[in-house]
Amino acid sequence: MAKYGMVIDLTRCNGCHNCFLACRDEYCGNDYPPYSAAQPYTGQFWMRVMEKERGTYPKIKIAYTAVPCMQCKNATCIQASSNNAVYRRPDGIVIIDPEKAVGQKEVVSSCPYRVIYWNEEKQLPQKCTFCAHLLDAGWKEPRCVEACPTSALIFGDLEDPDSQISKAMASDDLEVFHPEFGLKPRVRYIGLPKRFIAGSVALGDEEDEWAKDVTVTLMDNKAEKTIKTDSFGDFEFEGLQPETEYAIKIEHKGYAPKEFHVQTKMDVYLGEIELSPNP
Ligand code: SF4
Ligand code: SF4
């Protein structure tokens with residue numbers, strides 16, 4: 001028996017929303033008993049693409065995080081339902097029964113990931129099913145995975161050691177979205193947004209010249225990492241831990257070094273840093 005899982009590689013996600021649109025196309029106006037009733041045309045996001053603006057002007061980035069139902073092993077939605085209205089299939093997919101779950105609004109707030117939506121007209125909680133009706137019909141992947149142009153969504157059978165998903169799940173970079181919820185999700189991530197520290201270096205004695213190949217070292221209490229500024233004098237350390245103290249040292253032969261102490265409460269742009277020539 002297959003056990004399905006998904007890896008969402010956010011380093012490949014460009015925020016195109018194709019996954020969201022494919023989901024809409026599959027479910028709006030279409031009932032798939034016994035797994036799902038039609039999704040309304042507005043207000044529900046079974047595959048939601050969250051957008052978060054990171055940093056401050058002029059160093060701004062947009063982070064996209066695609067969020068389906070996590071198909072948790074410790075699914076709080078199952079615990080919150082009555083009459084077996086929410087259950088797990090043998091292949092691991094968590095289903096809200098569209099008949100039994102009528103009136104069970106409490107199921108909506110039981111999910112800390114907030115991926116269950118209330119259908120007011122049908123008085124029904126609804127969510128992503130990993131396209132269970134398609135998998136039963138022989139499809140290899142849900143519509144969102146098929147629609148993703150960058151292969152950011154990897155889906156398959158976790159029991160098959162040769163499957164792409166099993167290989168992706170073995171990655172050292174794998175992360176759980178909100179591990180503090182403790183729900184053991186079958187959906188895992190690569191590249192969840194964290195914090196960056198960036199800056200731009202200029203040489204004080206060279207007007208309008210960006211300082212290329214300047215050595216920039218990042219230090220915390222465990223390790224240090226050194227990079228060089230690019231052709232525009234820019235540097236960036238990405239994927240740093242939030243709420244952590246870091247030191248940044250900037251060194252260039254013939255110039256006085258500079259050091260900064262930074263707290264990653266948020267993403268940090270140090271601005272233009274001018275190095276002065278040694279006297
Ligand atoms: S993400 Fe929420 S809705 Fe999905 S299985 Fe987990 S608890 Fe249930
Ligand atoms: S389709 Fe793929 S690239 Fe586009 S938003 Fe969804 S996950 Fe990201």
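Counting begins at 1 with the first residue of the sequence. Note that ligands are numbered from 1 as they come in the structure, with each ligand's atoms numbered from 1 the same way. Just so we're clear, the structure is a prediction, and the values are computed from it rather than from any experiment.
Under 4.0 angstrom from ligand 2, the non-hydrogen atoms of Thr150 all belong to its side chain. Using a 4.0 Å cut-off between heavy atoms, Ile78 makes no contact with ligand 1 at all. Counting heavy atoms closer than 4.0 Å to ligand 1, residue Ile116 contributes side-chain atoms (C-beta onward) but none from N, CA, C or O.
Remark: minimum distance from atom 8 (Fe) of ligand 1 to any protein heavy atom is reached at Cys77 SG, 2.3 Å. When hydrogens are left out, the protein atom nearest atom 5 (S) of ligand 2 is His17 N, 3.3 Å; that is the closest non-hydrogen contact. The protein heavy atom nearest to atom 7 (S) of ligand 1 is Thr76 OG1, 3.5 Å. For atom 4 (Fe) of ligand 1, the nearest non-hydrogen atom of the protein is Cys69 SG, 2.3 Å. Protein heavy atom at the shortest distance from atom 2 (Fe) of ligand 1 is Cys111 SG, 2.3 Å. Summary of contacts: the protein heavy atom closest to atom 1 (S) of ligand 1 is Met70 N, 3.3 Å.
Between the side chains of Lys212 and Thr229, no donor N or O sits under 3.5 Å from an acceptor N or O. For the 3.5 Å distance criterion, the side chains of Thr76 and Ser110 fail to qualify, holding no donor opposite an acceptor. Inspection of the Asp9 and Tyr189 side chains reveals no N or O donor paired with an N or O acceptor under 3.5 Å. Using a 3.5 Å distance cut-off with no hydrogens or angles, the side chains of Tyr35 and Asp136 do pair a donor with an acceptor. A donor atom on one side chain and an acceptor atom on the other are not found under 3.5 Å apart for Gln39 and Gln126. A side-chain donor-acceptor contact under 3.5 Å links Glu120 and Trp118. Side-chain contact check for Tyr269 and Ser200: at least one donor-acceptor pair (N or O, by modelled atom type) lies under 3.5 Å.
Comparing heavy-atom distances from atom 3 (S) of ligand 2 across Val49, Asn18, Asp9, Asn14 singles out Asn14 as nearest.
Residue contacts with ligand 2 include Gly15, since one of its heavy atoms falls under 4.0 Å from the ligand.
When distances to atom 2 (Fe) of ligand 2 are checked against a cut-off of 2.8 Å, Cys144 contributes no N, O or S atom below that limit. Look at Cys19 and atom 6 (Fe) of ligand 2: an N/O/S atom of the residue is under 2.8 Å from the metal. Residue Cys72: an N/O/S atom is found under 2.8 Å from atom 6 (Fe) of ligand 1.
Taking every non-hydrogen atom of Cys16 and a distance limit under 4.0 Å, the qualifying atoms of ligand 2 come out as 1 (S), 3 (S), 4 (Fe), 5 (S). Here is the list of ligand 1 atoms found below 4.0 Å of a heavy atom in Tyr113: 1 (S).
Between Phe155 and Tyr4, a ring centre-to-centre spacing shorter than 6.0 Å is recorded. Remark: aromatic rings of Tyr32 and Tyr27 are close, center separation under 6.0 Å.
Distance alone, capped at 3.5 Å, is enough to place a donor-acceptor pair between the Tyr113 side chain and the Phe177 backbone.
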